[in-house]
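Keep in mind that this is a model prediction, so the values were computed, not measured.
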Amino acid sequence: MSHSLGEMIEDIIKRKSIFKFSAPSMDLYYHYQVLKRTEKLYDITKIKNIYFELPYYIFNYDVSKCVSVFRERINFFYYLQDYHHFTEIQSGKRYADMFERMNELTGNRFYGQFSATGENMAEHRRDQRLVKAKRSVYYALCNKEKHRWTEDEIYTAEALRPHVWYKTYIDTIEENRKIWQSILAWLDEHKWIKMQVVVFPFSPYFIRANQKAIAAKKKEFFEGIGLPPDRVIDLFEYYMNRPEYFVDECHLIGKGAYEFSKKVNRILS
């Protein structure tokens, strides 16, 4: 997901070669599709290790049902040739059709985003303003060694109540548990590959303000993962005393990412 995309520094991890297939806001379904496509495109016998970055809420999350997020990630699923649940809704099917036609015209080089439909234009514009504002703040701070939190920023992080932490999507959880079993079955067929799950850090401000919801999702996570302790590297609270290493509630600045990558490398070595 976005955490491993920006916070796992490949050069620090002591392996012969590392390829990162991370992408922002992805789910277990995407993980599984990437595994299957990897087998089609590469010599699978040369893969020695696979690391999954999975947050506690992973079983409760399906990006294809988060329309505003999926629209931004649609190119990944276009190339995977599978939109999952996105096209089950009328606006999703219309959006995917437009996206495919544009790719036909541009020779599979279209990555842009269409305008939203009239009924959700205001919501779409609001989402885009928030995304652009957050992205500009992140890029401005990601290379700094410390982030001095303002009172407003602390309040924002503490006030967050993301739906994936607080709502329970029974159908999504049941489907994701089946997908995870498919991933484990795939790995069982490729026994020479060692797999480990990494839980990346969250900001102490977010953790302290959402302890009950986090505890529930953590329980759900470990019950669903069903792996021995040595297969899960849980560093969710690794920076509980270092809020200055975070740019927001869950993403690290450059210094934090560097120190975190060194920690993960020591565990993996």
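- Residue Ser203 comes nearest to Asp248 through the heavy atom pair CB-O, 3.7 Å, listed as atom of the first residue, atom of the second, then distance.
- For the atom pair Asp43 CG and Thr45 OG1, the distance stands at 3.0 Å (nearest 0.5 Å).
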Inset, instruction - Could you please spell out the steps behind the side chain to side chain contact (heavy atoms under 4.5 Å, CB included) verdict for Ile214 and Ile207? - result: CA-CA 7 Å; Ile214 290 170; Ile207 293 174; 4.2 Å; yes

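- Within a 6.0 Å radius of CD in Glu189, more than 12 heavy atoms belonging to other residues, nucleotides or ligands are found.
- Separation of atoms CG (Asn60) and CH2 (Trp165) is listed at 10.0 Å; rounding is to 0.5 Å.
- In this structure, Lys178 NZ and Asn176 CG are separated by 11.0 Å, a value rounded to the nearest 0.5 Å.
- Summarising the geometry, atom CG belonging to Leu187 is positioned 13.0 Å from atom NZ belonging to Lys194; distances are rounded to the nearest 0.5 Å.
- The same ILVMFWY cluster, assembled from side-chain heavy atoms under 4.5 Å apart, contains both Phe19 and Ile47.
- Within the 4.5 Å cutoff, no side-chain heavy atoms of Phe77 are placed close to those of Gln33.
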Legend entry - Stepwise side chain to side chain donor-acceptor pair (under 3.5 Å) check, Glu100 with Tyr83: CA-CA 12 Å; Glu100 290 186 355; Tyr83 297 114; 2.9 Å; yes

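- A donor-acceptor pair under 3.5 Å is absent between the side-chain atoms of Trp186 and the main chain of Lys36, judged by distance alone.
- The backbone N or O of Ile9 lies less than 3.5 Å from a partner atom in the side chain of Ser261, making a donor-acceptor pair.
- Of all non-hydrogen atoms in Ile253 and Phe246, the two that sit nearest each other are CG2-C, 4.0 Å.
- The 12-atom threshold is exceeded at OH of Tyr166, counting heavy atoms of other residues, nucleotides or ligands nearer than 6.0 Å.
- In Tyr258, the OH atom is not crowded: 12 or fewer heavy atoms of neighbouring residues, nucleotides or ligands sit closer than 6.0 Å.
- Between His31 and Val34, the closest side-chain pair of non-hydrogen atoms is not below 4.5 Å.
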Legend entry - Candidate pair Leu54 and Phe200, rule side chain to side chain contact (heavy atoms under 4.5 Å, CB included), full reasoning: CA-CA 8 Å; Leu54 304 178; Phe200 276 56; over 6 Å; no

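- Closest approach of Ile58 to Met1, counting heavy atoms only: CD1-SD, 4.5 Å.
- With hydrogens and angles ignored, the 3.5 Å screen pairs no side-chain donor or acceptor of Asp188 with any backbone N or O of Leu184.
- Looking at Thr168, its side chain never comes within 3.5 Å of a backbone N or O of Ile170 through a donor-acceptor pair.
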Legend entry - Derivation of the side chain to side chain contact (heavy atoms under 4.5 Å, CB included) call for Glu249 and Tyr205: CA-CA 7 Å; Glu249 78 282 359; Tyr205 297 124; over 6 Å; no

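- For the atom pair Ser4 OG and Glu10 CD, the distance stands at 9.5 Å (nearest 0.5 Å).
- Under the 4.5 Å side-chain criterion, counting only non-hydrogen atoms from C-beta, Leu35 is in contact with Ile50.
- At least one side-chain heavy atom of His3 sits under 4.5 Å from a side-chain heavy atom of Phe202.
- The residues Lys263 and Glu259 are annotated as not salt-bridged, no charged nitrogen and carboxylate oxygen being separated by less than 4.0 angstrom.
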Inset, instruction - Could you give me the CA-CA distance, side-chain angles and deciding distance for His163 and Tyr169, then say whether side chain to side chain donor-acceptor pair (under 3.5 Å) is met? - result: CA-CA 10 Å; His163 66 95; Tyr169 302 103; 3.1 Å; yes

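- Hydrophobic cluster membership differs between Ile12 and Leu5, with clusters built from Ile, Leu, Val, Met, Phe, Trp and Tyr side chains linked at under 4.5 angstrom.
- Arg208 approaches Met240 most closely through the heavy-atom pair NH2-O, 3.2 Å.
- The neighbour count for Arg148 CZ, taken as heavy atoms of other residues, nucleotides or ligands under 6.0 Å away, does not exceed 12.
- Side chains of Lys93 and Ile89 form no contact here, defined as non-hydrogen atoms less than 4.5 Å apart.
- Cluster annotation: Ile233 and Leu252 are assigned to the same hydrophobic cluster (Ile/Leu/Val/Met/Phe/Trp/Tyr, side-chain heavy-atom contacts under 4.5 Å, transitive).
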Legend entry - Stepwise side chain to side chain donor-acceptor pair (under 3.5 Å) test for Asp152 and Thr150: CA-CA 5 Å; Asp152 286 344; Thr150 65; 5.4 Å; no

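- Of all the heavy atoms in Lys20 and Met8, the pair that sits closest is NZ-O, 2.6 Å.
- Note that Arg73 lies outside the cation-pi zone of Phe70, set by a 6.0 Å cut-off to the ring centre and a 45° limit from the axis.
- Without hydrogens or angle criteria, Asp27 side chain to Tyr30 main chain gives a donor-acceptor distance under 3.5 Å.
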Inset, instruction - Please assess Tyr61 against Leu28 for the test side chain to side chain contact (heavy atoms under 4.5 Å, CB included), listing each intermediate value before the final yes or no. - result: CA-CA 8 Å; Tyr61 181 55; Leu28 276 179; over 6 Å; no

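- Using a 4.0 Å cut-off between charged nitrogen and carboxylate oxygen, Glu175 and Arg177 do not count as a salt-bridge pair.
- Side-chain contact check for Lys146 versus Lys255: every heavy-atom pair is 4.5 Å or farther apart.
- The two residues Pro55 and Phe221 have their closest heavy-atom pair at O-CD1, 3.5 Å.
- Interatomic distance, CG of Asn49 versus CE of Met195, reported as 11.5 Å (0.5 Å rounding).
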Inset, instruction - Would you please test Glu39 and Arg37 for salt bridge (Lys or Arg N to Asp or Glu O under 4.0 Å) and show each step? - result: CA-CA 5 Å; Glu39 188 169 22; Arg37 190 164 179 82; over 6 Å; no

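- No more than 12 heavy atoms of other residues, nucleotides or ligands lie within 6.0 Å of CD in Glu151, so this atom counts as exposed by the packing criterion.
- Placement of Leu235 and Tyr245 within a single hydrophobic cluster is found when ILVMFWY residues are connected by side-chain heavy-atom separations under 4.5 Å, directly or transitively.
- Taking 4.5 Å as the limit, some side-chain heavy atom of Tyr79 sits within range of a side-chain heavy atom of Asn103.
- Linking Ile, Leu, Val, Met, Phe, Trp and Tyr whenever their side-chain heavy atoms come within less than 4.5 Å puts Val67 and Met26 in one cluster.
- With a 4.5 Å cut-off on side-chain heavy atoms, Pro201 and Phe260 count as touching.
- Under the side-chain hydrogen bond (donor to acceptor under 3.5 Å, both in side chains) criterion, the residue pairs touching residues 228-240 are Tyr56-Asp234, with sequence neighbours excluded.
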